[in-house]
Amino acid sequence: MSIRLVDSYVTPFVSENEYAYMQSMVSAAHTMLHEKSGQGNAFLGWVDLPRDYDKEEYARIKVAAEKIRSSCDVFIVIGIGGSYLGSRAVIEFLKSPLYNNLKKDGPEIYFSGCNISATNMRELLEICEGRDVCINVISKSGTTTEPAVAFRIFRELLEKKYGADGAKEHIFVTTDRAKGTLKGFADKVGYETFVVPDDVGGRFSVLSAVGLLPIAVAGIDIDALMKGADDARVAFADPDIQKNDCYKYAALRNILYRKGKVTEILVGYEPFMQMFCEWWKQLYGESEGKDQKGIYPSSVIFSTDLHSLGQYIQDGMRNLFETVISVKDTGVTQEIPHDPENIDGLNFLSGKDLNYVNSMAQQGTLFAHVDGGVPNVLLELEDRSAHSLGYMIYFFEKACAISGYLLGVNPFDQPGVEAYKKNMFALLGKPGYEEQKAALDARIAKL
């Protein structure tokens with residue numbers, strides 16, 4: 001097992017009979033998921049994706065990634081939400097948050113189309129000046145505002161730099177298989193295209209072409225990543241909570257939620273986990289936050305955030321719980337040197353590995369927070385490998401589906417995401433939104 005749930009720090013808050021009570025509901029959720037009889041069943045392609053992926057496209061992803069790695073200095077990934085969070089999370093987890101500043105044999109990788117910031121766009125354009133650039137635009141429709149605007153800007157840059165025909169060799173499109181504005185345009189112009197699967201929602205799409213092309217461009221072993229996910233698919237097939245840590249996690253979340261623990265904080269002890277936490281927040285927030293229900297997903301990186309949010313977690317409102325991811329083997333070591341003058345009084349740490357100190361900070365924090373009334377679910381990840389990360393990605397995806405069904409919501413839709421878009425389109429004067437624009441203008445006049 002690449003990931004193991006340790007429930008020692010949650011047992012003071014959860015009794016055995018509560019597990020027994022949840023078991024029948026977990027079994028029902030398992031049946032709905034695997035028999036595709038629950039809500040959102042048209043978007044369950046991710047369940048068997050680590051095994052049943054398009055092998056021909058997978059081979060093309062590897063070829064395209066090598067082409068990009070050998071021909072470009074800068075690779076821009078254009079997408080928003082699940083179209084970029086998964087790949088960025090994997091790249092930073094397995095490589096580094098400082099990936100672009102470290103020595104490597106591939107291009108720098110930046111992400112655009114995930115905001116509407118003129119400042120950020122100008123900075124990215126400056127980075128591209130005088131350098132060879134490739135882009136991967138990821139959008140099922142091609143009309144989502146943020147990535148569509150970014151694609152316009154970078155497409156213009158590439159066509160000015162390489163000419164319309166030359167730009168084709170630098171633009172890669174991940175979109176719908178057969179329909180949509182972007183698919184039609186890509187086919188007309190002649191860009192190489194990859195598929196956003198019809199039956200896989202954006203936040204579950206990291207193990208499809210959506211995530212795999214940027215991940216492969218970073219030089220990551222996508223075979224190992226997919227193998228880890230497939231091993232998890234097999235490992236987490238038993239509906240018995242006591243034999244399935246994935247389902248036990250889903251059950252624990254819902255037990256705690258029913259006790260008033262309405263905020264879950266995902267805790268990492270490594271900076272390389274920051275973007276993984278962001279991916280996790282979208283996965284759970286967008287899947288569960290509906291019908292005026294849901295656990296609010298938050299995150300921290302310790303020990304950094306112990307010096308900012310630690311006070312609140314220790315002594316604030318008792319409406320939260322923590323899920324701690326502990327990476328047992330980070331793959332690196334760093335010894336603390338001895339100081340003959342012992343200026344800082346830390347010679348008791350001389351010769352110790354920073355990983356050891358970090359683990360003791362984790363242990364001390366677990367005890368402190370549990371003593372302060374905060375339940376903690378500990379997840380031990382075997383190592384910082386592509387296989388283990390693929391395993392953990394699948395763990396959280398499947399737990400999210402089960403947890404959503406336990407909560408009584410459709411884990412695979414996101415109706416609330418459209419509200420801001422309609423208001424924005426109306427305020428910007430998009431044709432067809434005249435009536436809504438008038439209503440919003442009247443509201444603004446009253447402010």
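All values below were derived from every heavy atom in this structure, side-chain atoms included, with hydrogens, water molecules and symmetry-related copies excluded.
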Could you tell me whether the side chain of Lys104 and the main chain of Leu102 form a donor-acceptor pair under 3.5 Å? yes
Apply side-chain contact (heavy atoms from CB on, under 4.5 Å) to Thr365 and list each qualifying residue two or more places apart in sequence or on a separate chain. Tyr269, Phe302, Leu306, His369
Roughly how far, to the nearest 0.5 Å, is the OG1 atom of Thr263 from the CG atom of Leu256? 12.0 Å
Close side-chain approach of Glu270 and Ile325, heavy atoms under 4.5 Å: no
Quick check for you: to the nearest 0.5 Å, what is the distance between Ser87 atom OG and Trp279 atom CH2? 12.0 Å
Taking the side chain from Arg318 and the backbone from Gly372, do they hold a donor-acceptor pair closer than 3.5 Å? yes
Please check: side-chain N/O of Glu57 versus main-chain N/O of Val195, any donor-acceptor pairing under 3.5 Å? yes
For Glu146, the side-chain contact (heavy atoms from CB on, under 4.5 Å) test, sequence neighbours excluded, returns Ile80, Ile116, Thr144, Tyr420
Would you say Asn355 and Thr330 are linked by a side-chain donor-acceptor pair, where the criterion is simply a distance under 3.5 Å? yes
For the pair Tyr296 (side chain) and Ile265 (backbone), establish whether a donor and an acceptor sit closer than 3.5 Å, ignoring hydrogens and angles. no
Between the main-chain N or O of Asp132 and the side-chain N or O of Asp73, is there a donor-acceptor pair closer than 3.5 Å? yes
With Asp52, which residues qualify under salt bridge (Lys or Arg N to Asp or Glu O under 4.0 Å), at least two apart? none
Could you go through the salt bridge (charged side-chain N to carboxylate O under 4.0 Å, His left out) check for Arg60 and Glu56 one step at a time? CA-CA 6 Å; Arg60 287 197 299 112; Glu56 182 275 333; 3.0 Å; yes
Regarding Gln362 and Ser326, do their side chains bring together a donor and an acceptor under 3.5 Å, going by distance alone? yes
Tell me whether Ser287 contacts the main-chain N or O of Tyr284 through its side chain, where contact means a donor paired with an acceptor under 3.5 Å. no
Could you work out, with side-chain contact (heavy atoms from CB on, under 4.5 Å) as the rule, every residue matching Phe185, not counting sequence neighbours? Phe151, Arg155, Val189, Tyr191
Any donor-acceptor N or O pair under 3.5 Å, side chains Ser388, Asp383: yes
Can you name the disulfide bond (SG atoms under 2.5 Å apart) partners of Cys128, sequence neighbours left out? none
Once rounded to the nearest 0.5 Å, what's the spacing between atom NZ of Lys437 and atom NZ of Lys430? 14.5 Å
If you compare all heavy atoms of Tyr99 against all heavy atoms of Pro107, which two are closest, and at what distance to 0.1 Å? OH-O, 3.4 Å
Determine, for Tyr257 and Arg253, whether the Lys NZ or Arg CZ falls below 6.0 Å from the six-membered ring centre while staying within 45 degrees of the axis. no
I'd like to check the ring-ring contact (aromatic ring centres under 6.0 Å, His included) partners of Tyr162; sequence neighbours left out, ordered by chain and number. His170
Side chains of Phe43 and Phe204: does their closest heavy-atom pair fall under 4.5 Å? no
With side chain to side chain contact (heavy atoms under 4.5 Å, CB included) as the criterion, how do Asp198 and Lys140 come out once you've worked through the C-alpha distance, each side chain's angles and the decisive distance to 0.1 Å? CA-CA 9 Å; Asp198 288 335; Lys140 194 165 179 63; 2.9 Å; yes
For Asn136 and Thr174, does a side-chain donor sit closer than 3.5 Å to a side-chain acceptor? yes
Separation between CG of Asn101 and CD of Glu108, rounded to the nearest 0.5 Å: 7.5 Å
Determine whether Phe111 and Leu124 satisfy the following criterion, side chain to side chain contact (heavy atoms under 4.5 Å, CB included), listing intermediate values before the conclusion. CA-CA 9 Å; Phe111 295 86; Leu124 288 175; over 6 Å; no
Sorted by chain and residue number, the side-chain contact (heavy atoms from CB on, under 4.5 Å) partners of Asp315 (sequence neighbours excluded) come out as Gln311
Between Phe154 and Val149, is any pair of side-chain heavy atoms under 4.5 Å apart? no
Quick one, Phe276 and Ile393 - any side-chain contact, counting heavy atoms below 4.5 Å? yes
Any side-chain to backbone donor/acceptor pair from Lys161 onto Val133? Under 3.5 Å, distance only. no
Only pairs at least two apart or in different chains count here, so list each disulfide bond (SG atoms under 2.5 Å apart) that has a residue in residues 190-231. none
Those residues at least two apart in sequence (or on a different chain) that pass salt bridge (Lys or Arg N to Asp or Glu O under 4.0 Å) with Glu159 are none
Are Leu252 and Thr323 side-chain neighbours, meaning at least one heavy-atom pair lies under 4.5 Å? no
Should the pair Arg69-Glu66 be classified as a salt bridge under the 4.0 Å nitrogen-to-oxygen rule? yes
For the atom pair CG (Asp54) and OG (Ser208), what is the distance rounded to the nearest 0.5 Å? 11.0 Å
Carefully, step by step, assess Phe93 and Met392 under the rule side chain to side chain contact (heavy atoms under 4.5 Å, CB included). CA-CA 12 Å; Phe93 190 102; Met392 182 164 66; 4.0 Å; yes
Is it the case that the side chain of Asp199 and the backbone of Pro197 share a donor-acceptor pair, with hydrogens and angles ignored and the cut-off at 3.5 Å? no
Taking salt bridge (Lys or Arg N to Asp or Glu O under 4.0 Å) as the definition, give me every residue that meets it alongside Asp230, ordered by chain and number, with sequence neighbours left out. Arg233
Using the side chain to side chain donor-acceptor pair (under 3.5 Å) criterion, which residues pair with Glu169? Sequence neighbours excluded. Lys67
Pair Asp223 + Lys227: basic N to acidic O under 4.0 Å: no
Is it true that the NZ or CZ of Lys55 lies under 6.0 Å from the centre of Tyr53's six-membered ring and within 45 degrees of the ring axis? yes
Should Phe236 and Ile3 count as side-chain neighbours, where that means a heavy-atom distance under 4.5 Å? yes
Residues passing the salt bridge (Lys or Arg N to Asp or Glu O under 4.0 Å) test with Glu397, sequence neighbours excluded, are none
Counting distance only, does the side-chain N/O of Asp353 pair as donor-acceptor with the main-chain N or O of Thr333 below 3.5 Å? no
Ionic contact status for Arg88 with Glu278, cut-off 4.0 Å: no
Side chains of Lys281 and Leu266: closer than 4.5 Å at any heavy-atom pair? no
Counting N and O atoms only, with roles assigned by atom type, does the side chain of Asp176 sit under 3.5 Å from a partner on the main chain of Lys179, one being a donor and the other an acceptor? yes
Inspect the surroundings of CD in Glu435 and state if more than 12 heavy atoms from other residues, nucleotides or ligands are less than 6.0 Å away. no
What's the spacing between Gln334 CD and Leu354 CG if we round to 0.5 Å? 6.0 Å
Should Ile444 and Leu427 count as side-chain neighbours, where that means a heavy-atom distance under 4.5 Å? yes
Candidate pair Ser2 and Phe395, rule side chain to side chain contact (heavy atoms under 4.5 Å, CB included), full reasoning: CA-CA 10 Å; Ser2 291; Phe395 172 96; over 6 Å; no
In terms of heavy-atom contacts, Tyr405 and Pro411 come closest through CE2-CD, 3.6 Å
